[in-house]
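Data first, discussion second: the structure below is written as structure tokens.
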Amino acid sequence: MTLEEEITQAIIAAAKKLYGQEPDAAGIQLQATRKEFEGDLTYVVFPLLKMSHKKPEDTANEIGAELKNMVPAITDFNVIKGFLNLCISKSNWVEVLNSIAADANYGCKQATDDSPLYMVEYSSPNTNKPLHLGHVRNNLLGHSLCQILKANGLRVVKTNIVNDRGIHICKSMLAWKLFGNGETPESTGKKGDHLVGDYYVRFDQEYRKQVKELMETKNLNEDDAKKQAPLILEAQKMLEKWEAADPEVRALWKKMNDWVYAGFGETYKRLGISFDKIYYESQTYLDGKAKVNEGLEKGIFYKRPDGSVWADLKDAGLDEKLLLRADGTSVYMTQDIGTAQQRFHDYNISKMIYVVGNEQNYHFQVLSILLDRLGFKWGKDLVHFSYGMVELPEGKMKSREGTVVDADDLMDEMIKTAKETSSDKLKDYAPAEVDNIARICGLGALKYFILKIDPRKNMMFNPKESIDFNGNTGPFIQYTYARICSVLRKAAEAGIDIPAELNGSYEIAERESTLIQNLASYGQVVKQAGEDFSPALIANYAYELAKAYNQFYHDFSILKEENNEMKTFRLVLSREVAKIIKSAMNLLGIEVPERM
RNA sequence: GGUUGAGUAGCUCAGUUGGAUAGAGCAACAGCCUUCUAAGCUGUGGGUCAAGGGUUCGAAUCCCUUCUCAAUCACCA
């Protein structure tokens with residue numbers, strides 16, 4: 001039983017004794033006492049007034065006196081208005097620290113074979129353009145979410161759906177065929193995804209030229225010109241050939257997709273993310289079509305005179321939704337139906353989570369309803385982990401207007417800046433170690449910058465101001481870790497033995513017990529982050545912890561402390577802070593360096 | 001127009017499910033390195049929590065109205 005639970009029980013017992021009624025345990029909240037008041041834990045007594053029929057101060061005093069008698073760890077209490085501040089004994093805090101030290105995975109749970117299986121889809125790139133800042137947010141959130149779910153004792157399958165077919169892919173294929181002169185990643189030295197992306201842009205440029213020309217020469221309006229431009233017609237023909245499995249088109253498709261996958265692979269590796277199972281839309285869209293046709297036969301969907309298939313969702317307060325075009329080809333929704341079916345066939349999934357931007361809210365609302373109507377019992381329970389857009393000072397990112405922040409460029413930039421920042425301090429180190437530290441810090445700054453923000457919100461990214469390395473940042477937390485490592489190294493050099501567990505009595509200071517209290521709350525934070533799907537909670541916790549440690553570090557000597565008992569205590573405390581920082585950062589997918 | 005989300009310091013963001021005098025960082029200014037890593041620590045200034053009403057011991061938080069912004073409501077994915 002934790003101290004909080006013990007006190008909660010005591011409050012219930014005290015209320016019963018004093019007022020003859022038992023308050024609801026769920027309604028009893030203990031919070032850390034604000035630092036301007038004396039005490040460690042605070043209980044707000046206002047809810048008890050209905051049963052006590054006394055003033056807040058009197059009620060708090062009565063309860064406080066009872067608690068002090070019942071709970072040995074409570075040494076004293078004070079009352080301010082309706083707030084009952086409880087002081088916890090020093091020895092209790094040392095015990096708490098010992099319990100943290102005894103558990104290498106403190107705050108995290110381990111999954112067993114019976115644990116529920118969660119499947120998390122994230123990343124979900126198109127194969128016609130390189131990853132940009134928006135994808136980075138998606139990838140980081142997805143990876144961190146998986147880490148957090150695992151830390152809550154769940155089994156997790158990380159999955160990715162690659163959008164590898166459709167008209168947009170044909171556009172870059174066509175442009176490469178027409179203008180590429182046989183260029184390859186090898187011949188140009190370009191990453192495959194960038195090379196293919198360039199041809200996607202090229203298609204758009206040439207296409208727009210043709211549209212403009214048609215409007216001028218044949219006096220067409222824009223819509224008609226867009227439909228009649230030779231390039232788009234040829235791309236459509238290519239898509240038809242692809243669907244008919246034309247060997248030449250398929251070979252080109254495979255070649256270019258492989259270039260892109262190699263490029264994505266590099267970016268993923270650098271970002272530190274991975275997948276357990278990858279799905280490709282080219283392999284699931286036929287299932288989706290089959291399922292839609294099945295729904296059509298059962299009368300769940302209906303066909304219009306032109307041959308297109310629709311779902312009527314007006315009774316659910318939504319509109320009608322297209323599922324198959326008149327020519328029989330599939331749309332986004334069709335593919336997602338097929339993909340979902342395959343996944344639930346492949347795995348015994350208890351929860352399916354889609355990490356996809358909030359622009360898709362409507363899509364997932366519809367998907368859930370459609371799957372439910374198609375008879376999948378899990379359809380209703382799909383979770384769309386919806387996150388906000390990344391905005392630039394000029395507004396939204398647009399590939400065609402060149403206002404995207406490329407993922408690879410961004411990482412290069414961050415690592416370069418980190419290297420400049422650390423070059424003075426790391427003069428004595430081997431170049432490879434300097435590079436590795438710059439990589440860890442640069443990526444740490446980027447990842448933390450993105451993950452500390454509430455996922456739901458749109459976030460602002462200003463490339464000119466770039467990302468900070470001071471203050472509430474990844475490197476700040478990494479620095480705190482490296483600092484502790486340095487102290488522990490020096491302790492080892494001096495031959496000081498740091499025990500696994502403390503015994504004895506220690507006169508610890510307020511700042512030290514606060515730090516222990518901070519450490520102790522890690523488990524609660526991990527749990528909350530798991531329930532809320534919120535890496536931001538972990539990020540903010542890690543910052544608070546690092547800040548609290550730095551204040552402690554500034555005010556107290558560790559190795560220079562003359563009292564050996566206290567020196568040992570502070571070393572253990574430091575070691576445990578480092579452990580929890582490393583664990584929390586791991587949940588965010590951020591590495592921590594031992595020196596920087 | 002409908003739906004969903006958001007609006008907190010000059011800027012970027014927190015705010016533990018309704019608790020004490022609304023907090024950090026950046027930017028500005030002023031201090032702290034012969035002593036365990038100054039990517040650190042301390043201090044100063046900066047707020048009508050979009051506006052108005054309601055619920056109650058107590059509201060940035062819950063409810064209603066209004067305003068502003070974003071996304072979406074496509075035979076694009």
Side-chain angles (χ1 to χ4, degrees), chain A residues 29 31-34 36-37 42 44 46-47 49-50 55-56 80-83 85 124 126 128 163 165-169 281 304 306 308 310 317-319 321-327 329 331-333 335-336 357-363 365-366 386 388-389 391 395-396 418 421-422 425 441 445 449 452-454 456-462 465 467-480 482-491 494 521 524-525 528 532 536-537 539-541 543-544 546-547 549-561 570-571 574 595-596:
Chain A
Q29 280 177 30
Q31 46 197 278
T33 304
R34 296 175 73 115
E36 58 265 36
F37 301 103
T42 294
V44 185
F46 285 108
L49 300 186
K50 272 184 223 144
K55 286 185 208 161
I80 296 166
K81 293 194 274 183
F83 298 88
N85 300 323
S124 315
N126 287 348
N128 60 343
N163 182 3
R165 60 165 294 282
I167 188 77
H168 53 293
I169 312 291
E281 285 193 352
R304 286 191 182 171
D306 68 357
S308 57
W310 294 75
L318 303 172
D319 210 337
K321 187 78 189 173
L322 176 84
L323 298 174
L324 288 175
R325 295 192 187 97
D327 63 7
T329 56
V331 294
Y332 183 30
M333 187 60 76
Q335 288 146 202
D336 257 5
N358 61 13
E359 55 196 348
Q360 307 284 356
N361 286 354
Y362 183 75
H363 173 80
Q365 203 183 345
V366 172
S386 163
M389 301 286 99
E391 287 165 2
K396 221 189 148 186
T421 309
S422 63
K425 299 179 72 171
C441 294
F449 179 83
K452 76 171 178 189
I453 295 168
D454 183 343
R456 283 175 308 178
K457 291 188 176 174
N458 287 359
M459 61 173 284
M460 175 63 69
F461 177 79
N462 188 340
E465 288 175 10
I467 295 172
D468 258 309
F469 288 76
N470 302 315
N472 186 356
T473 66
F476 171 90
I477 299 165
Q478 290 171 321
Y479 179 77
T480 309
R483 212 177 204 188
I484 296 172
C485 288
S486 173
V487 172
L488 297 178
R489 268 196 307 274
K490 292 236 158 80
S521 65
Q524 187 56 41
V525 173
Q528 194 68 46
D532 296 356
L537 284 178
N540 287 310
Y541 169 81
Y543 174 65
E544 293 298 332
K547 195 174 155 71
Y549 183 83
N550 279 330
Q551 291 167 344
F552 156 79
Y553 180 90
H554 184 263
D555 290 354
F556 295 84
S557 295
I558 302 169
L559 293 171
K560 299 214 156 50
E561 169 61 42
R570 285 176 191 159
L571 282 166
S574 298
R595 53 190 93 207
M596 63 187 272

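Any value given below was found using the heavy atoms of this structure, including those in side chains, with hydrogens, waters and symmetry copies removed.
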query = If you measure from the ring centre of A:Y553 to the centre of the six-membered ring in the base of B:G40, is it under 5.5 Å, with the planes under 30° apart?
reply = no

note = Side-chain contact check for A:Q29: nearest option of B:U37, B:C36, B:U17 is B:U17

inquiry  = Taking only the P atom of each, what is the distance from B:A24 to B:A20 in whole angstrom?
reply    = 14 Å

remark   = In Watson-Crick or G-U wobble terms, with both distances under 3.5 Å, the base opposite B:U37 is none

message = Only pairs with both distances under 3.5 Å count, Watson-Crick or wobble alike; so what is the partner of B:C67 in this structure?
response = B:G7

ask   = Could you state the CG-C1' distance from A:N540 to B:A24, rounded to the nearest angstrom?
value = 9 Å

message = Between P on B:A24 and OH on A:Y541, what's the gap in Å once rounded to a whole number?
response = 19 Å

ask   = How long is the line joining CG of A:N472 and P of B:A24, in whole Å?
value = 12 Å

ask   = Taking OP1 and OP2 of B:G25, is either one under 4.0 Å from a side-chain nitrogen or oxygen of A:K452?
value = no

Phosphate OP1/OP2 of B:C75: any A:R304 side-chain N/O under 4.0 Å = no

Whole-Å C1' distance, B:A71 and B:G53 = 29 Å

task = Have a look at A:I453 and say if it touches a base, only the backbone sugar-phosphate, or nothing, with a 4.0 Å heavy-atom cut-off.
result = sugar-phosphate

note = Mate of B:G1 across any strand shown (Watson-Crick or G-U wobble, both atom pairs under 3.5 Å) is B:C73

request  = Just call it for A:D306: base, sugar-phosphate, or nothing, with non-hydrogen atoms closer than 4.0 Å on any strand.
outcome  = base

task = Check every strand shown and say whether A:S422 touches a base, only sugar-phosphate, or nothing at a heavy-atom separation below 4.0 Å.
result = base

query = Which part of the nucleic acid, if any, lies within contact of A:F556, taking any heavy atom under 4.0 Å across all strands shown: a base, the sugar-phosphate backbone alone, or nothing?
reply = base

query = For the pair made of CZ in A:R165 and P in B:A77, what is the distance, rounded to whole Å?
reply = 8 Å

message = Please determine whether a side-chain nitrogen or oxygen atom of A:R34 lies at a distance below 4.0 Å from atom OP1 or OP2 of B:U16.
response = no

inquiry  = Using a heavy-atom cut-off of 4.0 Å across all strands, would you classify A:N85 as base, sugar-phosphate, or nothing?
reply    = base

inquiry  = So if I take every side-chain heavy atom of A:Y479 and compare against B:U37, B:A77, B:G19, which nucleotide ends up nearest?
reply    = B:U37

request  = Could you check if a side-chain atom of A:L318 sits within less than 4.5 angstrom of a side-chain atom of A:V366, using non-hydrogen atoms only?
outcome  = yes

request  = Answer yes or no: does a side-chain N or O of A:K425 lie under 4.0 Å from OP1 or OP2 of B:A38?
outcome  = no

request  = Classify the side chain of A:N470 and the base of B:A27 as holding, or not holding, a donor-acceptor pair under 3.5 Å.
outcome  = no

ask   = So which heavy atom on A:I453 is nearest to which on A:F449, and how close?
value = CD1-O, 3.6 Å

message = Between P on B:U17 and CG on A:D454, what's the gap in Å once rounded to a whole number?
response = 16 Å

message = Using a heavy-atom cut-off of 4.0 Å across all strands, would you classify A:E281 as base, sugar-phosphate, or nothing?
response = sugar-phosphate

inquiry  = Can you tell me if A:R456 touches the phosphate of B:U4, counting only side-chain N or O atoms and a distance under 4.0 Å to OP1 or OP2?
reply    = no

inquiry  = Taking the C1' atom in each of B:C26 and B:A9, what is the distance between them to the nearest angstrom?
reply    = 12 Å

query = So what does A:N128 touch, heavy atoms closer than 4.0 Å: a base, only the sugar-phosphate, or nothing?
reply = nothing

task = Rounded to whole angstrom, note down the C1' distance from B:C13 over to B:G18.
result = 23 Å

Paired nucleotide for B:G18 [Watson-Crick or G-U wobble; both distances under 3.5 Å] = none

request  = Let me know, please, whether A:H168 or A:M460 comes out on the 5' side of the other along RNA chain B by nearest nucleotide.
outcome  = A:M460

Separation between CG of A:L323 and OH of A:Y332, rounded to the nearest 0.5 Å = 14.0 Å

note = B:C33 glycosidic conformation (syn if within 90° of 0, otherwise anti) is syn

query = Whom does B:G47 pair with, Watson-Crick or G-U wobble, provided both distances fall under 3.5 Å?
reply = none

request  = Heavy atoms only: give me the nearest A:D327-A:T329 pair and the separation to one decimal.
outcome  = OD1-OG1, 2.7 Å

inquiry  = For A:R304, is there an ion pair with A:D306 - N to carboxylate O distance below 4.0 angstrom?
reply    = no

Residue whose closest nucleotide on RNA chain B lies nearer the 5' end, A:Q551 versus A:A32 = A:A32

query = Closest to the A:R595 side chain: B:U4, B:A70, B:U37?
reply = B:U37

request  = Classify the side-chain pair A:N550/A:T480 by whether it contains a donor and acceptor separated by less than 3.5 Å.
outcome  = yes

message = Does A:M459 reach a base, just sugar-phosphate, or nothing at all? Heavy atoms under 4.0 Å.
response = sugar-phosphate

ask   = B:U17: syn or anti, with syn meaning chi within 90° of zero?
value = syn

task = Would you mind reporting whether A:F556 and A:E561 have side-chain heavy atoms less than 4.5 Å apart?
result = no

inquiry  = Rounding to an integer number of Å, can you tell me how far A:D555 CG sits from B:U35 C1'?
reply    = 15 Å

task = Kindly point out which of B:A14, B:G40, B:G25 is positioned nearest to the side chain of A:Y543?
result = B:G25

query = Which nucleotide sits closest to the side chain of A:F83: B:C73, B:A20, B:C36?
reply = B:A20

query = With a non-hydrogen cut-off below 4.0 angstrom, is A:T42 in contact with a base, only sugar-phosphate, or nothing?
reply = base

ask   = Taking the P atom of each, how far is B:A27 from B:A6, in whole Å?
value = 30 Å

key: B:A77 to B:G19 separation - C1' atoms, rounded to the nearest Å   = 48 Å

key: A:K81 side-chain N/O to B:C57 phosphate OP1/OP2 under 4.0 Å   = no

ask   = A:K547 near the nucleic acid: base, sugar-phosphate alone, or nothing, with a heavy-atom cut-off under 4.0 Å?
value = sugar-phosphate

ask   = So, A:F46 and B:G19: ring centres less than 5.5 Å apart, planes less than 30° off, yes or no?
value = yes

request  = Please confirm whether A:Y549 and A:F552 have ring centers closer than 6.0 angstrom.
outcome  = yes

ask   = Is the base of B:U17 touched by the side chain of A:Q528 through a donor-acceptor pair closer than 3.5 angstrom?
value = yes

key: Side chain A:Q360 and base B:A77 donor-acceptor under 3.5 Å   = yes

task = Between B:A14, B:C41, B:A77, spot the one nearest the side chain of A:F476, thanks.
result = B:C41

request  = Select base, sugar-phosphate, or nothing to describe what A:V487 touches, counting heavy atoms under 4.0 Å on all strands.
outcome  = sugar-phosphate

Rounded distance in Å - NE2 (A:H554) to P (B:C32) = 12 Å

task = Calculate the interatomic distance between A:N358 atom CG and B:A70 atom C1'; express it in whole Å.
result = 8 Å

task = Check whether any side-chain nitrogen or oxygen of A:Y362 sits under 4.0 Å from OP1 or OP2 of B:U72, and answer yes or no.
result = no

request  = Using modelled atom types only, decide if a donor and an acceptor are shared between the side chain of A:K452 and the backbone of A:N472 within a distance under 3.5 Å.
outcome  = yes

request  = Scan every strand shown for a Watson-Crick or G-U wobble partner of B:A30, both distances under 3.5 Å, and answer none if you come up empty.
outcome  = B:U42

query = Below 4.0 angstrom from OP1 or OP2 of B:C41, is there any side-chain N or O of A:R483?
reply = no

query = Quick one: do the A:S574 and A:Y553 side chains pair a donor with an acceptor below 3.5 Å?
reply = no

